[in-house]
Amino acid sequence: MKKHLLFLGAPGAGKGTQAELLSRKNAYLHLSTGELLRKEIEMDTALGRQVKDTMNRGELVSDQLVLKIVRQNLDKDNQGWILDGYPRTLSQANSLNDVLTEINQPLEVVFYLDIPEEVLIKRLLLRGRKDDTEETIRTRVDIYKKTTEPLIQYFKDLSLLEYVDADRDLKTISSDIKQKMA
Ligand code: B4P
């Protein structure tokens, strides 16, 4: 079974939801950069204060800061991990490649959660997090299209990409993912 996984997709595609389910089932480390950054804000750390406004505007935090967080949290002796929301830029993908080469834990599969734009906007408005206002969601979707979407082709070229239709109920999506992990 594959144990070094990545979830890619637009904001609201359900990356966090599916990664959480899967990591609990398999006792894998769930590394969500969004979640880790929100924790820093909650704890009012120096890093949290640095990223708060950027996140509330729906913009991406700098590649350098996110890389620092990933490095700190990627446990070198874990039994498996799921990256959720990282990488989001080609530069982050290259940095990740360097880190994984260093720790000798190559990525085994990338699940691309595909979802129509109107569905994700509805989902995020319902979720109602601080960065889920209509204006912020539009900014996040625009940034996603410009900077993150090219990663679909990047991982396809590496033969790592698995397409997942994310416009279905949670259970159907998770059993689809489970099958593709075998
Ligand atoms: P994230 O925390 O990664 O948030 P997200 O992309 O909005 O959400 P996700 O796709 O995980 O959706 P979820 O499962 O919650 O990022 C937040 C911010 O952090 C970014 O905007 C950026 O500022 C910063 N950041 C994070 N990573 C970064 C990086 N690498 N570089 C720079 N900045 C970074 O699902 C959404 C909603 O849909 C939930 O309410 C859920 O219950 C619902 N849902 C899920 N699946 C469903 C289904 N199948 N059916 C119906 N509803 C469903």
Side-chain angles (χ1 to χ4, degrees), residues 5-24 30-42 47-74 81-97 99 107 110-152 154-155 164-178:
L5 332 173
L6 193 157
F7 280 82
L8 180 68
K15 305 181 293 291
T17 308
Q18 292 299 331
E20 174 66 30
L21 284 172
L22 200 61
S23 62
R24 246 191 283 142
H30 174 197
L31 210 161
S32 157
T33 41
E35 208 49 57
L36 290 166
L37 290 165
R38 278 188 292 279
K39 258 189 211 145
E40 298 282 339
I41 295 175
E42 238 174 71
L47 195 149
R49 285 193 292 275
Q50 218 175 322
V51 301
K52 192 175 174 183
D53 291 341
T54 311
M55 284 183 72
N56 285 341
R57 283 195 304 271
E59 291 164 14
L60 293 183
V61 170
S62 80
D63 288 350
Q64 248 179 334
L65 278 181
V66 186
L67 177 62
K68 195 173 154 199
I69 281 199
V70 171
R71 266 191 190 283
Q72 272 169 3
N73 286 277
L74 206 55
W81 42 255
I82 304 176
L83 292 173
D84 155 18
Y86 183 87
R88 270 172 148 99
T89 65
L90 278 169
S91 144
Q92 288 182 8
N94 288 324
S95 304
L96 174 65
N97 188 38
V99 174
L107 191 59
V110 175
F111 292 111
Y112 164 52
L113 303 192
D114 188 25
I115 189 159
E117 194 170 322
E118 62 281 7
V119 178
L120 66 88
I121 290 173
K122 266 191 216 148
R123 276 191 196 174
L124 292 178
L125 285 173
L126 268 176
R127 180 173 69 180
R129 223 165 54 189
K130 223 180 188 162
D131 58 346
D132 286 337
T133 63
E134 189 139 11
E135 194 193 345
T136 310
I137 295 168
R138 297 264 173 221
T139 306
R140 285 157 65 199
V141 172
D142 284 350
I143 294 176
Y144 169 77
K145 283 186 186 157
K146 271 188 219 131
T147 65
T148 311
E149 234 170 33
L151 293 181
I152 300 170
Y154 173 92
F155 287 118
V164 177
D165 175 1
D167 189 12
R168 296 177 292 172
D169 64 275
L170 293 182
K171 276 197 178 155
T172 312
I173 299 170
S174 62
S175 59
D176 186 10
I177 291 172
K178 209 170 129 197

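The first residue in the sequence is number 1, and the count goes up from there. All ligand and atom numbering here is 1-based and tracks the order in the structure. Keep in mind that what you see is a predicted model, and the values were worked out from it rather than measured.
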Self-check item: Donor-acceptor contact present, side-chain T147 to main-chain I143, <3.5 Å
Solution: yes
Practice problem: Only one of E35, R24, E20 passes side-chain hydrogen bond (donor to acceptor under 3.5 Å, both in side chains) with H30; say which it is. | Solution: E20
Practice problem: Identify, by atom number and element, the atoms of ligand 1 in contact range of I173, meaning under 4.0 Å from any of its heavy atoms. | Solution: 49 (N)
Quiz item: Do F111 and L8 pass the side-chain contact (heavy atoms from CB on, under 4.5 Å) test, and can you show the C-alpha distance, the side-chain angles, and the key distance before you say yes or no?
Solution: CA-CA 6 Å; F111 292 111; L8 180 68; over 6 Å; no
Quiz prompt | Atoms in ligand 1 with a heavy atom of A13 nearer than 4.0 Å | solution = 10 (O)
Quiz item: Where the closest heavy atom to atom 2 (O) of ligand 1 is concerned, which of Q18, R123, R38 has it?
Solution: R38
Practice problem: Check the side chains of T136 and T139 for a donor-acceptor pair under 3.5 angstrom, ignoring hydrogens and angles. | Solution: no
Practice problem: Please write down residue, atom name and distance for the protein heavy atom closest to atom 4 (O) of ligand 1. | Solution: R129 NH2, 3.5 Å
Quiz prompt | For atom 15 (O) of ligand 1, the protein heavy atom that lies nearest, with its residue and separation | solution = R127 NH1, 2.7 Å
Exercise. Pick one of side chain, backbone, both or neither for how V51 approaches ligand 1, counting any non-hydrogen atom pair under 4.0 Å.
Key: neither
Self-check item: Contact check: P11 vs ligand 1, nitrogen or oxygen atoms, below 3.5 angstrom
Solution: no
Practice problem: Decide salt bridge (charged side-chain N to carboxylate O under 4.0 Å, His left out) for R129 and D131; before the verdict, give the C-alpha distance in whole Å, the side-chain angles of both, and the deciding distance to 0.1 Å. | Solution: CA-CA 5 Å; R129 223 165 54 189; D131 58 346; 2.9 Å; yes
Quiz prompt | Summary of ring-ring contact (aromatic ring centres under 6.0 Å, His included) pairs that have at least one residue in residues 48-67, sequence neighbours excluded | solution = none
Practice problem: State the atoms of ligand 1, each with its element, that fall below the 4.0 Å cut-off from a heavy-atom position in L170. | Solution: 46 (N), 47 (C), 48 (C), 49 (N)
Quiz item: For ligand 1, which atoms, with element, lie under 4.0 Å from some heavy atom of A10?
Solution: 10 (O)
Exercise. Select the closest option to atom 9 (P) of ligand 1 among G12, G9, G58, S91, judged by heavy-atom distance.
Key: G12
Quiz item: Are V141 and L120 close enough that some pair of their side-chain heavy atoms sits under 4.5 Å apart?
Solution: yes
Self-check item: Residue list, salt bridge (charged side-chain N to carboxylate O under 4.0 Å, His left out) with E118, at least two apart or on another chain
Solution: none
Quiz item: Got an N/O contact under 3.5 Å between Q92 and ligand 1?
Solution: yes
Exercise. Report yes or no: does a heavy atom of A19 sit under 4.0 Å from some atom of ligand 1?
Key: no
Quiz prompt | Short N or O distance, R88 and ligand 1, threshold 3.5 Å exclusive | solution = yes
Exercise. Tell me which one of E59, K122, K171, R168 gets a heavy atom nearest to atom 23 (O) of ligand 1.
Key: E59
Quiz prompt | Any N/O pair T54/ligand 1 closer than 3.5 Å | solution = no
Practice problem: Looking only at distances, please establish whether an N/O atom of ligand 1 is found under 3.5 Å from an N/O atom of V61. | Solution: yes
Quiz item: Is there a donor in the side chain of Y112 and an acceptor in the side chain of D114, or the other way round, less than 3.5 Å apart?
Solution: yes
Quiz item: How far is atom 21 (O) of ligand 1 from its nearest protein heavy atom, and which residue and atom is that?
Solution: R140 NE, 3.7 Å
Quiz item: Could an N or O of ligand 1 be found under 3.5 Å from any N or O of K15, whether backbone or side chain?
Solution: yes
Quiz prompt | Shortest protein contact, atom 18 (C) of ligand 1 (heavy atom only) | solution = M55 CE, 3.7 Å
Quiz prompt | Top protein contact for atom 11 (O) of ligand 1, by heavy-atom distance | solution = G16 N, 2.9 Å
Practice problem: Quickly, which of K68, R88, Q92 forms a side-chain hydrogen bond (donor to acceptor under 3.5 Å, both in side chains) with D63? Name it, please. | Solution: Q92
Quiz item: Counting N and O atoms only, with roles assigned by atom type, does the side chain of T172 sit under 3.5 Å from a partner on the main chain of R168, one being a donor and the other an acceptor?
Solution: no
Exercise. Measure from the side-chain N and O atoms of T33 to the backbone N and O of G85, and report whether any donor-acceptor pair falls under 3.5 Å.
Key: yes
Self-check item: Intermediate values then yes/no, salt bridge (charged side-chain N to carboxylate O under 4.0 Å, His left out), D84 and K15
Solution: CA-CA 6 Å; D84 155 18; K15 305 181 293 291; 5.3 Å; no
Quiz prompt | Step-by-step salt bridge (charged side-chain N to carboxylate O under 4.0 Å, His left out) determination, R140 to E135 | solution = CA-CA 9 Å; R140 285 157 65 199; E135 194 193 345; over 6 Å; no
Quiz item: What part of T17, side chain, backbone, both or neither, has a heavy atom within less than 4.0 angstrom of ligand 1?
Solution: both
Quiz prompt | Which segment of P87 sits under 4.0 Å of ligand 1 when only heavy atoms are counted | solution = neither
Quiz prompt | Protein heavy-atom partner closest to atom 25 (N) of ligand 1 - residue, atom, separation in Å | solution = L37 CD1, 3.7 Å
